[in-house]
Structure formats: C-alpha cells, structure tokens
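Have a look at the structure below before the remarks.
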Amino acid sequence: MGKSPLTNPADTHDPPVPAVPLGNLLDQRAADHGGRLALSFPGAEVTYAELAARADFFARGLLALDIRPGEAVGILLPNCVDSLAALFGAAKIGALPVPISTRFKSLELDQVIRHSGMRVLFTSPPTAGAPAFPDLLLEAFPHLSGRTGAVPDQGEPCALEHAVLLGGESRAGFTSEDRFREAARRVDPEHALRRQASVRAGDTAVVMYTSGTTASPKGAMISHEAFGCLAAGLTHTRFFLTPEDRVWTMLPLFHIGGIAFALAALYAGCSFHHVGFFSPDTALDLLEAQRCTVVLPGFETVWLPVVDRPDFRERDFSSIRLVMVVGVPERLRDMASRLPNAVHVSCFGMTEASSFLSLNHQSDTLEQRTTTGGHPMPGMECRVVEPDTGRPLPPNTEGELLFRGTNCFDGYFRDPELTAASFDDQGWFHTGDVATIDPDGRVTFVARLKDMLKVGGENVSAAEVEDYLLRHPAVNVAQVVAAPDAYYVEVPAAFVELKPGASVTEEELIAFCVGNIAAYRVPRYVRFVTEWPMSGTKVKKYQLREYIADELRANGITEAPRPQAAHRPSAARLESADPA
C-alpha cells in the first residue's frame with residue numbers, strides 16, 4: 001500500500017521560530033524600530049511604538065476590569081487599528097481575544113458571546129460601511145441598558161458585563177472609552193508586566209469562532225507558538241518578507257486570514273496595509289498609492305472585482321512582487337495574466353491550521369500554482385485516508401485530509417467532547433475535507449465530507465441555517481445544501497417541509513432570514529418538498545444538491561439573486577429512492 005507524502009523536502013529544516021508570546025514579539029519590534037510604520041488603514045496609521053502603547057492601554061484597562069488569564073474578551077470592531085491593538089492587549093495579559101464577525105446579527109452575536117462566557121467586549125459607534133454594533137448588542141442583550149426583553153434561550157447564561165464603546169461617544173448601557181481609560185490609569189504598570197511575564201508561548205493566544213457541522217458555534221484555540229511558527233514559515237519559506245515589504249489585504253480582521261497576515265507582517269517587521277471598508281475602487285487606489293509589494297486578497301470573489309476595474313491596466317503596480325489568492329484554475333490563470341510581473345500563489349487554508357495548511361512555493365510552475373494548494377507549511381504533516389477505515393491512500397487518490405504539526409490549533413474552546421472527537425490517538429486532526437496529495441506532496445482541496453458550504457470564502461454550517469429556519473412557525477423540516485454559483489462558487493439552498501396546514505412562500509422565508517443571520521448564510525433558493533430522498537433515517541443530501549444544480553442548469557441560472565431580491569414561490573416533490 002502506497003503511503004501519502006507528508007512534507008516537502010525543501011521544508012524539512014524548519015526556520016527559526018520565536019518561542020515568545022505575541023505581546024512580547026510586539027514589544028521587541030517596538031524596541032528595535034519603534035518609528036517604523038506598523039499598520040496603515042484609510043485615515044489612520046501607527047508605528048510599532050504606537051501600536052505597542054495602544055496594546056498596553058487595552059491590557060491595563062482589562063486588568064482594571066479584573067479580567068483573568070484564560071478569560072475570553074470580545075472584539076466587535078470594523079477593520080481598524082484597534083481591531084489588532086485590542087487583540088494584542090488581551091493576549092499580553094493571558095486573556096483570550098475573540099474576534100467576532102461584523103457580519104453577524106443579534107442571534108449569532110448571542111450565540112458566540114454566551115458560548116465564550118466573555119464578560120468584556122470592545123465595540124464602536126456606527127461608521128461608514130459598518131453595522132450599528134451597539135444597536136445589535138442591545139437587541140441581543142437588553143440587560144446592558146437595564147431593560148428587560150425576550151432573549152433567545154441558548155442554554156447558557158450571558159456573562160457580558162461591560163461593552164466598551166471606543167471613540168468619543170457615550171451611550172446608556174456601554175462603558176465609554178474615557179471611563180475605560182480612567183480605570184486603566186489606576187493599574188500599576190508593574191502589575192501589567194507581571195501578568196505579561198506569566199504568559200507562555202504554548203498558551204492560547206486567540207479564540208477564532210468558525211462554523212461547524214452542528215448548530216452550535218465552535219471556537220478554535222490557537223496558541224502564540226502556532227502563530228509564531230506560521231509567521232516564520234511564511235517569512236522564510238514562502239513570502240520571503242523583509243522589513244521593506246508592504247503587505248496589503250482586504251480580508252476582515254475577524255477572519256483567520258486577516259489576522260494571520262497581520263501577524264506575519266509583525267514577525268517580519270514590515271508594514272501591514274488594510275483597505276478598511278472594502279470597495280473595489282478605493283482598494284485599487286490604496287494599492288497603487290501605497291506601493292504595496294505583497295498582495296493578499298485571499299479569495300477570487302474579492303480580488304476579481306478589483307482586477308476587473310476598467311482602469312486596472314492603466315495603473316502602476318510595478319511594486320507588486322507576489323499575490324496570494326485561491327479560486328478555480330481558470331480564474332487564477334486569468335487573474336495572474338493581469339499582473340504578469342508578479343508571482344501568483346494559492347493555498348489550502350483553514351482556521352484550525354492557523355490559516356495556511358499548505359501554500360505554493362514561488363518556484364512551483366504556473367500550472368502547479370493554479371491547480372494545487374501547494375506543499376504543507378514547515379512543521380506540518382498531511383495525509384489522506386479512507387474516511388470510514390482510516391486506511392492511508394496512495395498519491396493522487398481522493399480521501400479525507402488529516403493533519404498535525406506546529407501550526408495546528410489546540411482544540412475547541414469550552415468543548416472537550418468535540419475536541420476529543422476531532423483528533424485521533426496519534427494527534428491527527430480529521431478535517432472532514434476531501435483532498436488529494438500528489439507524489440511531490442502538494443495538497444489539493446476537492447470537496448467537503450462534512451455538512452458545510454463555502455460561500456465566497458466564508459464557512460457556512462448547514463445545521464446553523466437549518467436551526468434558524470426551524471424558528472419559523474410554518475417550517476417542520478429544513479435541509480440546507482450548496483447550490484452552484486458563478487460568483488460565490490456555492491450558496492445556500494434550503495429544502496423545506498411545512499407543518500400540516502401551514503403556508504409560507506419562498507420570498508417570505510428568505511425575508512425571515514435577511515437581517516437576522518449573516519447575509520452569506522441566507523438561503524438564496526427555497527424549495528418546498530412533501531417527501532425526502534432517504535437512506536435509512538438520513539436525508540440523502542447529495543440528491544438535494546443534484547436536484548437544485550440540475551434545476552438551475554436547466555433554467556440557465558448561473559448566479560443567485562441577492563437575498564433582498566424578489567423570489568417566486570416554487571414547489572417540488574422529491575421521491576425517496578430508499579424510504580425509511
């Protein structure tokens with residue numbers, strides 16, 4: 001039996017890794033070159049010294065609120081300096097920063113805040129392009145302002161005590177930044193230093209909530225050491241970052257990619273440039289004006305609108321030497337042709353691998369860089385096995401992807417059962433993804449074993465969407481699958497069985513979701529059924545996927561309408577090939 005290759009021979013000698021916590025690394029960069037630009041956002045830039053000082057401000061303020069080591073701290077902010085300064089501040093004192101998706105609505109905020117047990121959360125007043133976070137928080141947690149109200153029963157108490165409103169505004173139910181600053185000033189700096197000294201590289205640095213196969217949220221615990229190993233691998237073997245590089249991205253700073261890119265820039269001592277609120281035209285302007293060298297759009301769905309701008313070819317992008325983006329091979333080849341003097345690479349990424357599990361080498365051929373996810377990162381091992389038996393599979397054979405190594409997360413926060421079920425006794429993490437590994441060790445994603453969708457780069461749990469649909473009084477059974485989409489690759493499609501005597505239209509069910517769950521989770525199609533294709537006691541979801549794909553193909557539909565668009569009610573009867 002052939003054995004799957006584990007790693008690229010070029011990566012067998014791992015680069016030096018700073019076995020230090022993130023806060024210590026930031027302080028070291030501030031000491032070495034405090035005047036160098038660290039972060040750049042539209043309208044706001046900070047040096048390494050200024051970033052370190054802002055992180056200290058957050059650390060002391062959290063100590064004033066009696067935040068203990070291992071306690072979660074929420075970050076619900078638009079892409080800005082404080083998104084990272086608050087993260088570093090919490091990590092400095094051994095607390096666990098929890099970046100929260102700005103796309104979440106009150107229901108999803110409630111789930112993450114309850115599950116994490118956070119007592120403190122940082123947020124901000126509404127800004128251009130950003131939701132009204134205070135309104136969403138008060139909707140989910142009316143107790144913050146002393147009001148009472150019906151709050152969804154998530155089975156866990158809400159521990160949230162302080163929602164700190166950064167900026168100059170004051171609002172009932174929120175702790176103003178001025179009050180937070182006053183409290184921070186009363187903290188002895190030596191106390192903060194002692195807490196920072198107690199943090200170890202193996203401790204959890206960040207908890208990243210990501211969708212799973214159940215309706216419950218899951219928080220991946222990623223250590224300081226894992227982030228350090230990833231940053232070292234990127235700097236020394238893939239991106240070859242130097243202090244002169246200017247790293248540019250549009251990925252949000254609640255996303256593992258956005259955070260990992262920022263930490264890699266910090267490790268290398270270069271500058272990190274973020275577009276803030278993403279708009280293709282302003283992103284293009286900033287990219288050219290800042291003379292960025294390493295461009296990390298991450299996903300084709302956000303990079304394509306930039307390179308498709310009518311004046312793209314007229315701009316001066318001669319500074320760009322490297323672009324990292326994932327997508328289908330045809331689009332990757334096309335996008336690479338727009339910047340022929342830059343090297344384009346792709347990857348296989350996931351939160352549980354601290355972002356990059358594998359990444360192309362710049363020396364790979366264009367074909368390898370557009371059709372594979374590259375070799376595993378230094379310190380990481382990958383293998384492909386039969387899902388049912390765990391038997392290792394030979395190269396170029398599809399099976400479940402497993403991995404382990406230095407960049408691997410440590411488990412799921414406050415969920416030991418899920419953690420135990422996700423790792424085998426040899427420490428391999430079972431991804432639930434179908435992949436192949438070629439004879440040279442390159443990993444390529446194929447599909448999902450688990451009940452997940454990937455909507456424009458965002459993980460979507462079918463169970464989470466199904467759980468919300470079941471809150472509608474007319475819905476008896478809901479099954480969500482992926483429908484093909486020319487823009488997002490795939491989008492949610494819901495198959496619904498109504499309660500006896502109940503009535504609801506496709507348009508009404510979609511409207512029920514819009515504004516209440518994140519837009520990328522909202523079903524773009526709803527089909528009503530009276531019978532289900534069954535295998536024993538389980539619905540054959542693959543038949544549902546085939547049904548919606550065939551219907552869309554037959555009607556010439558390649559791209560789903562926006563959730564706010566009108567939808568005509570439709571119905572379908574899916575015959576069961578194997579009734580229960």
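Between F227 and Y267, the gap from one ring centroid to the other reaches at least 6.0 Å. If you look at F512 and Y468, their ring centroids are closer than 6.0 Å. Aromatic ring centroids of F57 and F180 lie under 6.0 Å apart. Ring to ring, F122 and F58 are close: their centroids are under 6.0 angstrom apart.
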- Message: Please evaluate residues F299 and L251 with respect to the criterion side chain to side chain contact (heavy atoms under 4.5 Å, CB included), reporting the C-alpha separation (whole Å), side-chain torsions for both, the decisive distance (0.1 Å), and the verdict.
- Response: CA-CA 9 Å; F299 302 104; L251 289 183; 3.7 Å; yes
- Worked verdict on R181 versus E177 for salt bridge (Lys or Arg N to Asp or Glu O under 4.0 Å): CA-CA 6 Å; R181 181 178 292 105; E177 183 171 340; 2.8 Å; yes
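Residues L65 and T175 have side chains not in contact (no heavy-atom distance under 4.5 Å, counting atoms from C-beta outward). Counting heavy atoms from C-beta on, the side chains of S422 and H430 never come closer than 4.5 Å.
Relative ring orientation between H33 and Y48 is described as perpendicular, the plane-to-plane angle rising above 60° on a 0-90° scale split at 30° and 60°.
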Quiz: residues 199-208 side-chain donor-acceptor pairs under 3.5 angstrom, not counting sequence neighbours:
{"residue": "R200", "atom": "NH1", "partner": "A197", "partner atom": "O", "Å": "2.7"}
{"residue": "D203", "atom": "OD2", "partner": "R200", "partner atom": "N", "Å": "2.8"}

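Side-chain contact, Y412 with E352: a donor N or O sits under 3.5 Å from an acceptor N or O. S176 and D178 share no side-chain donor-acceptor pair at under 3.5 Å.
When each of F403, F409, W428 is checked for a ring-ring contact (aromatic ring centres under 6.0 Å, His included) with F423, only F409 meets the rule.
Counting only distance, with no hydrogens or angles, the side chain of T431 and the backbone of L401 share a donor-acceptor pair below 3.5 Å.
By the 4.0 Å N-to-carboxylate-O rule, D135 lies close enough to R171 to be salt-bridged with it.
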